Amino acid sequence: MSFSILAAGAAHAGGTPAWAMLAYLVSGVFFILALRGLSSPATSQAGNRNGMIGMAIAVSTTLVTHNIANIVEILIAVGIGGAIGVVVARRIAMTAMPELVAGFHSLVGLAAVVVGFGAWLDPQSFGIVDGASQIMAVSRVELGLGIAIGAITFSGSIIAFLKLSGRMSGSPIMLPGRHVINLGTLAAIIGLIGLYTVSPDGGAGEGWMVIAVAVLAFIIGFLLIIPIGGADMPVVVSMLNSYSGWAAAAMGFTLGNSAMIITGALVGSSGAILSYIMCRAMNRSFISVIAGGFGAAPEAGGSGGAREQRPYKQGSAEDAAYMLEQAEKVIIIPGYGMAVAQAQHALREMGDKLKEKGVEVKYAIHPVAGRMPGHMNVLLAEASVPYDEVFELEDINSEFAQCDVAFIIGANDVVNPAAKTDKSSPIYGMPVFDVDKAKQVFFIKRSMGGVGYAGVDNDVFYMNQTVMLLADAKKMVEEIVKSLD
């Protein structure tokens, strides 16, 4: 989307031909079909192709109708960007998808800021001036909002990228008086946009307002994300995705480009809906996520207190292999630990061997497992796990009571029964898998010395039917596979 934002500015000058408007509408239809296809793993490839076709139509139309930038310069930019994209796509590991998505969101936000400043510095070329050669009031609002949302998306996505990639601590960073600072900064941004809208000179002469909006928006994007802990990263990623869409839509109105308006609205609304779904999956409000704090150090005395001294059972790969092959039904619950260990391929091999022995194998995916929406689905798809074996929480949770073995690999908070029983727990009310109802639980964890991103201990570790497999997830699963031979 970043290139379409930049290139669309050129398409607007001199008006858009009727055929180009129709082409943009067709591209919008393909984008809608893309979202529909991406709603299911079985149709995701077709959805991806529809998205590519829609973007190709939008970019080609923009290139044909442009009359500002030199076509050679544009093609050089396309070539450079395309080459970088190909290299990144080939080199990036599937486990690094969360930070890659955050990085792409930052580019979309930056592109919106660049286009906004371009329209502000040369409004006549963008056709957003009135008879007095001043930027129209409605265009000032759109321009200001586009720059603000784009800047927030850019700086917020940079922080999310640093947290997800491990270059910055995933723990919340709580600044004193952060709520007052954030509200004051947002109020200042809104006030400056309003002041710019009614100022007598809407062009470069009122530059301090536009620049101030951009600077404050960059700051608030940083301030909004640093207090958010790793457990909330799926919501953050979908939220930033929504921001990038609204930034593009705002720029689309400024530029009079229907393709950007349609695409931005689709991305913005779908990201907002996904953020709502993520919040509901954690039984939290969107405001509480933005306020941060989920994943902060727990208070002593609550369920978050360290309980490593409690007795637990530790087993081996041979123990797990024996119980797994004796089972009739096994439900596997993957989490972020699987992604870090890159154990998805070994896990699929284990599932295949169990099915060969007549065991029913299913995979249970929590909406907020991992560090981005659909993180576990992507990794299992990469390992060629059949789509019909993967189930969402609400579709499989009732089956744990009839399950012989619940096999947990790298998940923690999404199986913690404290969410159902302990009102003092920070995750109380969050829907979790009922693994405590399974006859046998195997829990792969690197060590007993840590807790999940929510910062709370897990009673599942100490249940009578739980056997802890303390090792690297990939190595442990590979050992289990060897024992199944």
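Values in this document were obtained by computation on a predicted structure and should not be read as measured data. Numbers here simply count residues along the sequence, with the first being 1.
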Check whether any side-chain heavy atom of [X] lies under 4.5 Å from a side-chain heavy atom of [Y], and answer yes or no.
| X | Y | value |
| --- | --- | --- |
| Ile444 | Ile408 | no |
| Trp246 | Ser269 | yes |
| Leu380 | Ile365 | yes |
| Gln134 | Val129 | no |
| Val414 | Val368 | yes |
| Thr61 | Ser27 | no |
| Ser242 | Val267 | no |
| Ile226 | Met168 | yes |

| task | Decide if atom CZ of Phe218 counts as having more than 12 heavy atoms of other residues, nucleotides or ligands within a radius under 6.0 Å. | result | yes
| message | Counting only heavy atoms not in Gln45 (residues, nucleotides, ligands), do more than 12 fall under 6.0 Å from its CD? | response | no
Okay, side chain of [X], backbone of [Y]: is any donor-acceptor separation there less than 3.5 Å?
| X | Y | value |
| --- | --- | --- |
| Asn416 | Val432 | no |
| Thr43 | Gly37 | yes |
| Arg140 | Ser199 | yes |
| Asn458 | Asn412 | yes |

| task | Report the relative orientation of the aromatic rings in His375 and Tyr336; use parallel for angles under 30°, tilted for 30 to 60°, perpendicular for over 60°. | result | tilted
Where is the tightest heavy-atom contact between [X] and [Y], given as atom of each residue plus distance?
| X | Y | value |
| --- | --- | --- |
| Leu192 | Ala212 | CD1-CB, 3.7 Å |
| Ile135 | Pro123 | CG1-CB, 3.5 Å |
| Ser155 | Gly221 | OG-CA, 3.2 Å |
| Asn241 | Gly271 | ND2-CA, 3.8 Å |
| Ala151 | Val113 | N-CG2, 3.4 Å |
| Met251 | Ile147 | CE-N, 4.1 Å |

First locate atom [atom1] of [X], then atom [atom2] of [Y], and finally report the distance between them rounded to the nearest 0.5 Å.
| X | Y | atom1 | atom2 | value |
| --- | --- | --- | --- | --- |
| Phe161 | Ile158 | CZ | CD1 | 7.5 Å |
| Ser270 | Ile32 | OG | CD1 | 11.0 Å |
| Ile225 | Ile220 | CD1 | CD1 | 10.0 Å |
| Thr263 | Tyr24 | OG1 | OH | 10.5 Å |
| Ile190 | Leu195 | CD1 | CG | 13.5 Å |
| Asn50 | Met55 | CG | CE | 13.0 Å |

| task | Establish, yes or no, whether a centroid distance under 6.0 Å links the rings of Phe117 and Trp120. | result | yes
| query | Quick check, are the ring centers of Phe391 and Tyr363 under 6.0 angstrom apart? | reply | no
| task | For Ile409 and Ile332, run side chain to side chain contact (heavy atoms under 4.5 Å, CB included): C-alpha distance rounded to whole Å, both residues' side-chain angles, the deciding distance at 0.1 Å, then the answer. | result | CA-CA 8 Å; Ile409 173 170; Ile332 300 171; 4.2 Å; yes
| request: I would like to know whether Ile152 and Phe222 meet side chain to side chain contact (heavy atoms under 4.5 Å, CB included); could you show each step before the answer? | output: CA-CA 8 Å; Ile152 292 173; Phe222 171 80; over 6 Å; no
| message | Is there a side chain to side chain contact (heavy atoms under 4.5 Å, CB included) between His366 and Met430? Walk through the geometry before answering. | response | CA-CA 11 Å; His366 196 280; Met430 171 177 147; 3.9 Å; yes
| request: Apply side chain to side chain contact (heavy atoms under 4.5 Å, CB included) to Arg348 and Leu379, showing your working. | output: CA-CA 10 Å; Arg348 190 263 306 159; Leu379 294 179; over 6 Å; no
| said: So, using side-chain contact (heavy atoms from CB on, under 4.5 Å) as the criterion, who are the partners of Ala250 when residues are at least two apart? | reply: none
| said: Just to verify, what does Glu389 make a side chain to side chain donor-acceptor pair (under 3.5 Å) with, not counting sequence neighbours? | reply: Lys355
| query | Does any donor atom in the side chain of Ser275 or Ser238 lie under 3.5 Å from an acceptor atom in the other side chain? | reply | yes
